[in-house]
Amino acid sequence: MTIQHRTVDIEASAKLWKDGLSASQIASRFGVSRNVIVGLAYRNRDQFPARQKRKLVPVRREPPRPRKQAPELKREPEIPATAYDAERLTHAKQLHQISVGECCWPLNTGGPYLFCAAETTGRYCRNHHARSLPKKYEGKA
């Protein structure tokens with residue numbers, strides 16, 4: 001059933017509006033969408049009085065909890081340079097210059113960063129690959 005824009009339907013919906021029914025409740029009685037009733041109310045403002053605004057009650061809120069400080073991060077131990085690194089420093093390249101098949105082990109700290117660039121089949125050359133693996137514990141059990 002659709003609501004007709006007849007005087008009877010407009011007056012009936014205006015009466016329900018004045019009785020305090022919401023636009024959705026009125027719409028369900030007529031079998032139309034809420035927007036139809038809102039449109040009627042907008043076009044016929046003289047018959048659909050403005051709703052009284054509700055008084056807002058202040059909400060009590062608890063004070064914010066103090067934030068916990070993030071734990072301080074431990075610095076990773078620096079890997080000391082070796083004689084091999086010093087030797088490779090003469091052939092070092094910056095990262096954007098390294099191509100596939102060249103070692104990308106950093107040789108220095110602080111910019112501009114230089115990388116080993118020795119030929120390899122993986123990410124690091126044999127020397128730096130061995131240094132990248134964790135040392136095995138050789139203590140007595």
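Please read all numbers here as calculations on a predicted model, not as lab measurements.
Counting all heavy atoms, side chain and backbone alike, Y113 lies closest to N108 at CA-OD1, 3.5 Å. Summarising the geometry of P49 relative to W17, their closest heavy-atom pair is O-NE1, 2.9 Å, with the distance given to 0.1 Å. Residues K18 and Q47 come closest through the heavy atom pair CE-O, 3.3 Å. Residues F30 and A12 share a closest heavy-atom pair of CZ-CB, 4.0 Å.
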Could you pull out all donor-acceptor pairs under 3.5 Å where a side-chain atom in residues 86-105 meets a protein atom, sequence neighbours excluded?
residue : atom : partner : partner atom : Å
R88     : NH2  : C116    : O            : 3.1
T90     : OG1  : E87     : O            : 3.1
K93     : NZ   : E102    : OE1          : 3.4
K93     : NZ   : E102    : OE2          : 2.8
Q97     : OE1  : Q94     : N            : 3.0
S99     : OG   : E102    : OE1          : 3.4
E102    : OE1  : S99     : N            : 2.9

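In this structure, CG in N35 is found 11.0 Å from CG in L40, a value given to the nearest 0.5 Å. Distance check, rounded to the nearest 0.5 Å: CG of L21 to OG of S13 gives 11.0 Å. The line from CZ of R29 to CD1 of I37 is 11.5 Å long, rounded to the nearest 0.5 Å. From R131, atom CZ reaches atom CG of D85 across 4.5 Å, with rounding to the nearest 0.5 Å. Here the CG atom belonging to N127 is positioned 11.5 Å from the NE2 atom belonging to H129, to the nearest 0.5 angstrom.
Both L107 and Y124 sit in one connected hydrophobic cluster of ILVMFWY residues. Membership requires side-chain heavy atoms under 4.5 Å apart, directly or through other members. Under the 4.5 Å side-chain heavy-atom criterion for Ile, Leu, Val, Met, Phe, Trp and Tyr, Y84 and L114 are members of distinct hydrophobic clusters. Under the 4.5 Å side-chain heavy-atom criterion for Ile, Leu, Val, Met, Phe, Trp and Tyr, I26 and V38 are members of distinct hydrophobic clusters.
For the pair R45 and Y42, the cation sits on the ring face: its NZ or CZ lies under 6.0 Å from the ring centre, inside 45° of the axis.
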Verify side-chain contact (heavy atoms from CB on, under 4.5 Å) between N44 and E11, making sure each step is shown before the conclusion.
CA-CA 10 Å; N44 301 291; E11 288 175 357; over 6 Å; no
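For T120 (side chain) and R123 (main-chain N/O), no donor-acceptor pair under 3.5 Å exists by modelled atom type.
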